[in-house]
There are 2 protein chains.
Amino acid sequence: MTAPAPPSDLKLDDFLCFAVYSASHAFNRLYKPLLDELGLTYPQYLVMVTLWERDDRTVGEIGERLFLESNTLTPLLKRMEAAGLVSRSRDPADERQVRLRLTDEGRALLDKARQVPPCVLEATNLSSEEARSLTDQIGALRTALSR
Amino acid sequence: MTAPAPPSDLKLDDFLCFAVYSASHAFNRLYKPLLDELGLTYPQYLVMVTLWERDDRTVGEIGERLFLESNTLTPLLKRMEAAGLVSRSRDPADERQVRLRLTDEGRALLDKARQVPPCVLEATNLSSEEARSLTDQIGALRTALSR
DNA sequence: TGCGATTGGATCGTGCGCGATTATTTTAAG
DNA sequence: CTTAAAATAATCGCGCACGATCCAATCGCA
């Protein structure tokens with residue numbers, strides 16, 4: 001005679017999705033105080049990174065880079081515009097598109113922002129190589145899930 | 001003479017946090033249609049998993065398991081109560097605590113829910129061993145970040 | 001027994017993130 | 001040249017997720 005069956009064979013700790021979900025929240029909680037210094041939320045920080053990489057992008061381009069839709073980005077970008085970090089203006093050549101450009105203030109923020117990633121890497125307790133490997137594995141996972 | 005310096009040395013694709021963040025969204029988008037069948041959102045599904053593992057928990061216990069605060073859980077649990085999946089009642093022995101119990105309907109949902117994880121594993125394009133390894137790595141990451 | 005400190009949960013305000021819908025512009029077809 | 005179809009972004013509504021705050025119940029300790 002065996003032990004009584006467990007009430008459920010779904011084990012939360014086996015869920016890859018839950019590991020990712022809870023790690024994402026943990027990152028957010030870690031970033032919050034660091035980004036408060038810059039006056040940015042986490043998604044806003046990601047938008048800034050894309051614009052620091054290359055300025056003058058449309059809403060659609062930013063969304064493609066961050067895997068976000070315009071209904072998410074539009075209000076977020078308006079808040080960033082109100083904060084004086086970016087400018088939003090219709091492309092004269094195609095008035096459907098809104099182009100985002102860094103303001104001087106937005107460009108200047110890069111200097112302070114450089115301090116953030118080393119800070120975060122330290123908190124992960126991973127070497128650069130381990131972080132690289134994990135980033136690549138999870139990137140591949142995202143690609144697989146998005147099919 | 002070297003090539004002109006790039007406008008930014010912050011590369012989005014190097015960010016472990018962004019990999020996790022975007023993978024979390026990708027999971028959500030994958031789960032959405034599957035959980036719609038069960039009438040659950042993703043965080044609600046996680047609550048159900050914790051209750052299927054062990055029934056009759058307080059709000060605080062569920063929050064500890066899922067790394068969520070009461071201000072997130074309270075309205076979520078009220079919606080689940082309204083949907084007839086759980087009951088909420090004050091613990092007579094300590095009236096500060098609210099105990100969550102599965103209804104018959106909530107317990108019955110487990111059968112349909114069992115179909116979800118295999119479906120998701122397939123979408124990850126990972127073997128069980130690879131998924132296990134990645135889950136553990138990311139779990140360790142979450143632990144490190146939460147210090 | 002009494003009372004300050006702690007605990008557990010609820011409430012409020014802000015900011016994502018998405019599905020669905022709408023409006024406008026551009027492009028394509030006849 | 002006119003009309004249909006597609007692309008792009010904005011708008012609206014809902015559900016998390018969190019920090020800050022509040023309140024009631026309980027506990028600690030004299």
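Below, chain A is the first sequence line, B the second, and so on; all start at residue 1.
A:Leu73 comes within 4.0 angstrom of nothing in the nucleic acid, heavy atoms only. Among the atoms of the strands shown, only primed sugar atoms or phosphate atoms (P, OP1, OP2) are found under 4.0 Å from some heavy atom of B:Asp94. At a threshold of 4.0 angstrom between heavy atoms, the contacts of B:Thr41 are confined to the sugar-phosphate backbone, with no base atom among them.
Between A:Phe27 and B:Leu16, some side-chain heavy-atom pair lies under the 4.5 Å cut-off. Side-chain contact between A:Arg147 and A:Thr143: present, with at least one pair of heavy atoms (C-beta onward) separated by less than 4.5 Å.
Under 4.0 angstrom from either OP1 or OP2 of D:dA17 there lies at least one side-chain N or O belonging to A:Tyr21. In this model, the phosphate group of C:dG9 is not approached by any side-chain N or O of B:Arg99 to a distance below 4.0 Å at OP1 or OP2. Between A:Gln44 and C:dC16 there is a side-chain polar atom (N or O) within less than 4.0 angstrom of OP1 or OP2. Taking only side-chain nitrogens and oxygens, B:Arg79 comes nearer than 4.0 Å to OP1 or OP2 of D:dC16.
A straight line from CZ of A:Arg96 to C1' of D:dA10 spans 14 Å, rounded to a whole angstrom. A straight line from CG of A:Asp36 to P of D:dC18 spans 14 Å, rounded to a whole angstrom. Between the CZ atom of A:Phe27 and the C1' atom of C:dC16 there is a distance of 18 Å, rounded to whole Å. Straight-line distance from the CD atom of A:Glu64 to the C1' atom of D:dT8: 13 Å, rounded to whole Å. As rounded to whole Å, 14 Å separates atom P of C:dG17 from atom CD1 of A:Ile62. In this structure, A:Lys32 places its NZ atom 11 Å from P of D:dC18, rounding to the nearest Å. The separation between B:Arg90 atom CZ and D:dC23 atom C1' is 10 Å, rounded to whole Å. Here D:dA7 presents its P atom at 14 Å from CD of A:Glu69, a figure rounded to the nearest Å.
A:Asn71 contributes a side-chain N or O that forms a donor-acceptor pair with the base of C:dG19 under 3.5 Å. Below the 3.5 angstrom threshold, one finds no donor paired with an acceptor across the side chain of A:Thr74 and the base of D:dA9.
Of the candidates C:dA10, D:dA10, C:dT6, the closest approach to any side-chain atom of A:Ser70 belongs to D:dA10. Picking from D:dT26, C:dG9, C:dT11 the nucleotide with the shortest atom distance to the side chain of B:Lys78 gives C:dT11. Taking the side chain of A:Val98 as heavy atoms from C-beta on, and the options D:dA9, C:dA10, C:dC16, the nearest nucleotide is D:dA9.
Between A:Thr58 and A:Asn28, the residue anchored closer to the 5' end of DNA chain D is A:Thr58, taking for each the nucleotide with the nearest heavy atom.
Atom CG in B:Leu109 sits 5.5 Å away from atom CE in B:Met48 (nearest 0.5 Å).
Closest heavy-atom contact between B:Asp55 and B:Leu100: OD1-O, 3.8 Å.
Cluster annotation: B:Leu35 and B:Leu73 are assigned to the same hydrophobic cluster (Ile/Leu/Val/Met/Phe/Trp/Tyr, side-chain heavy-atom contacts under 4.5 Å, transitive).
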Exercise for the section: Apply salt bridge (Lys or Arg N to Asp or Glu O under 4.0 Å) to B:Arg96 and B:Asp91, showing your working. Expected result: CA-CA 7 Å; B:Arg96 288 173 306 180; B:Asp91 187 335; over 6 Å; no
